[in-house]
Amino acid sequence: MAEDKKTTKPGAVPEYERRNFRRGIIVFFVALFILGSIAWGGWVLKGRLFQENRYFILRNIEITSSLGENSRWSGDNAVDDLAAIMGVVLYETNLFSTDLASMRDRAISNCPGIEKITIARELPDTLQVNIVERMPLAVILFTGPDGRQLELKENIIRRSELRDVLGTLMVDSKCVLMSQKDCAPVNPNLLPQIVLQAQRAVPGAAVDVRPGDTLNALNGAIALLNEAKLRTKLEIKSIVMDVKTERLEPASTRKYIVRFHYDDVIGSAVLPPTDNVIKQLDVLESAIEQSIRTNNVSSIYNLMFENQVIQN
């Protein structure tokens, strides 16, 4: 009698391979469940150990600044002010509930007088903050063709929202604009002025700039101030430059009208825009020295003709 034999269709998967495949699927999902449970448990544990732990509530901010005792952040209200611009609340915020990078970004965005800031946690309840402050180089004024100061759009908005308007505007050596309250405590009366005079500003025009903006239109004036600071006798008191409108587009007939002190000489100079401010001020100083030697001190030194000085 012939034995019955099970036959397998050609190309069919053997039963033991199907069983192994099913087991593999089950093992995969079990492992996935276990890993997910561990991750979820770790997240919950982290929250309870750190983010929800009252032991790590922020109680102190220790501030160091590049300007030391002359810093904007050395006053009595410095800690409260810094906490506000970083978006944290003393005795409420948990040290681990907010990202340090986010705090840093908020601080720079809310206070343009801060050039760089580093923040570190010091357990259990302190933030260590190191600030590099922008140093004001000049006061910025915006005027119309009649010489009257133009309004800032930002101040119009602030008044409509019953907020404090921006005070004196200043600029640093990198052409970054900032409000006096945001930067190092410098007496604006001791700084030179840069006046941007809009020749085509219409009545009621407002200037659309705000703290934190980089005003590239000031590059030439800032270069003159930076170079003058390296000279022992020359002190620039103000620079007036023409722009087309309140949008601050450079005028086609650009020039800088510079009011200066040179030892006991008080005068003005008309300078053309140039990348070589060193040569430009060398020519001006040479002309002043020559006029002092000949006892023919001028009130205006005009360098608009290829650095040939015309004295008026």
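- Contact detail for D164 and R158: the closest heavy-atom pair is O-NH1, 2.9 Å.
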Output, in order, the C-alpha distance, side-chain angles, deciding distance and verdict of side chain to side chain contact (heavy atoms under 4.5 Å, CB included) for L218 and L196. CA-CA 9 Å; L218 299 177; L196 289 92; 3.5 Å; yes
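- Residue I85 comes nearest to I114 through the heavy atom pair CD1-CD1, 3.9 Å, listed as atom of the first residue, atom of the second, then distance.
- With a 4.5 Å cut-off on side-chain heavy atoms, Q149 and F142 do not count as touching.
- Within the 4.5 Å cutoff, side-chain heavy atoms of V209 are placed close to those of L248.
- At least one side-chain heavy atom of M304 sits less than 4.5 Å from a side-chain heavy atom of P272.
- Side-chain contact check for S286 and Q290: no donor-acceptor pair (N or O, by modelled atom type) lies under 3.5 Å.
- Side chain of D172 to main chain of K174: a donor-acceptor pair is present (N/O by atom type, distance under 3.5 Å, no hydrogens or angles).
- For the pair M178 and P211, the tightest heavy-atom approach, listed with the atom from each and the gap, is CA-CB, 4.1 Å.
- Distance check, rounded to the nearest 0.5 Å: CG of N226 to CG of L230 gives 7.5 Å.
- Residues Q197 and P145 fail the side-chain proximity criterion, which asks for heavy atoms closer than 4.5 Å.
- Around CG of D275, the count of heavy atoms belonging to other residues, nucleotides or ligands within 6.0 Å does not exceed 12.
- With rounding to the nearest 0.5 Å, the separation of CE in M86 from CG in D105 is 12.5 Å.
- Under 4.0 Å is where a charged nitrogen must lie from a carboxylate oxygen, and between D81 and K181 no such pair does.
- If you check the side chains of T126 and E62, you find no donor sitting under 3.5 Å from an acceptor.
- In this structure, L303 CG and K279 NZ are separated by 10.5 Å, a value rounded to the nearest 0.5 Å.
- For the pair D99 (side chain) and A101 (backbone), a donor-acceptor distance under 3.5 Å is present.
- Distance check: E154 CD to R210 CZ gives 5.0 Å after rounding to the nearest 0.5 Å.
- Atoms CD and CG, from Q180 and L169 in turn, are 9.5 Å apart once rounded to the nearest 0.5 Å.
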Before you tell me yes or no, could you show the steps for I156 and E151 under side chain to side chain contact (heavy atoms under 4.5 Å, CB included), namely the whole-Å CA-CA distance, both residues' side-chain angles and the distance that decides it to 0.1 Å? CA-CA 8 Å; I156 296 174; E151 179 70 289; 3.6 Å; yes
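- In this structure the side chain of M135 reaches within 4.5 angstrom of the side chain of L67, judged on heavy atoms.
- Neither V186 nor W73 shares a network with the other; the hydrophobic side chains, linked directly or stepwise wherever heavy atoms of I, L, V, M, F, W or Y lie under 4.5 Å apart, form separate groups for each.
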Just do the salt bridge (Lys or Arg N to Asp or Glu O under 4.0 Å) check on E285 and K233 with the steps written out, would you? CA-CA 9 Å; E285 286 191 321; K233 294 184 178 182; over 6 Å; no
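- N296 CG: more than 12 foreign heavy atoms inside a 6.0 Å radius.
- Side-chain contact between I117 and N130 is absent, with no heavy atoms from C-beta onward closer than 4.5 Å.
- Each of V207 and V139 belongs to its own hydrophobic cluster when Ile, Leu, Val, Met, Phe, Trp and Tyr are linked at side-chain heavy-atom distances under 4.5 angstrom.
- S97 places a side-chain N or O within donor-acceptor distance of the main-chain N or O of N94, the cut-off being under 3.5 Å.
- With R254 contributing its side chain and D242 its backbone, the two residues share no donor-acceptor pair below 3.5 Å.
- Of all the heavy atoms in I119 and L127, the pair that sits closest is CG2-CD2, 4.0 Å.
- Side-chain atoms of E289 and Y262 include a donor-acceptor pair closer than 3.5 Å.
- Scanning both residues, I131 and E133, for their nearest heavy atoms gives CG2-CG, 3.7 Å.
- At a threshold of 4.5 Å between side-chain heavy atoms, the hydrophobic network of Ile, Leu, Val, Met, Phe, Trp and Tyr places V129 and V79 in one connected group.
- Under a hydrophobic clustering in which Ile, Leu, Val, Met, Phe, Trp and Tyr are joined whenever their side-chain heavy atoms come within less than 4.5 Å, directly or via other members, V195 and I140 fall into different clusters.
- Placement of L225 and I257 in two distinct hydrophobic clusters is found when ILVMFWY residues are connected by side-chain heavy-atom separations under 4.5 Å, directly or transitively.
- Across all their heavy atoms, A184 and N70 have their closest contact at CB-O, 4.4 Å.
- Residues I236 and R259 are not in side-chain contact: their nearest non-hydrogen atoms beyond the backbone lie 4.5 Å or more apart.
- Between the side chain of T143 and the backbone N or O of R148, no donor-acceptor pair lies under 3.5 Å.
- Between the side chains of E69 and S74, no donor N or O sits under 3.5 Å from an acceptor N or O.
- The structure places CZ of R121 at 8.0 Å from OG1 of T98, a figure rounded to the nearest 0.5 Å.
- Residues Y301 and I288 have side chains in contact (heavy-atom distance under 4.5 Å, counting atoms from C-beta outward).
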Does the side chain to side chain contact (heavy atoms under 4.5 Å, CB included) test come out yes or no for L234 and F260, once each step is laid out? CA-CA 7 Å; L234 181 65; F260 64 85; 3.9 Å; yes
Start with the C-alpha distance between R231 and I278, add both sets of side-chain angles, then the distance that settles side chain to side chain contact (heavy atoms under 4.5 Å, CB included), and finish with yes or no. CA-CA 10 Å; R231 297 173 183 247; I278 295 176; 3.8 Å; yes
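- The residues E161 and R159 are annotated as not salt-bridged, no charged nitrogen and carboxylate oxygen being separated by less than 4.0 angstrom.
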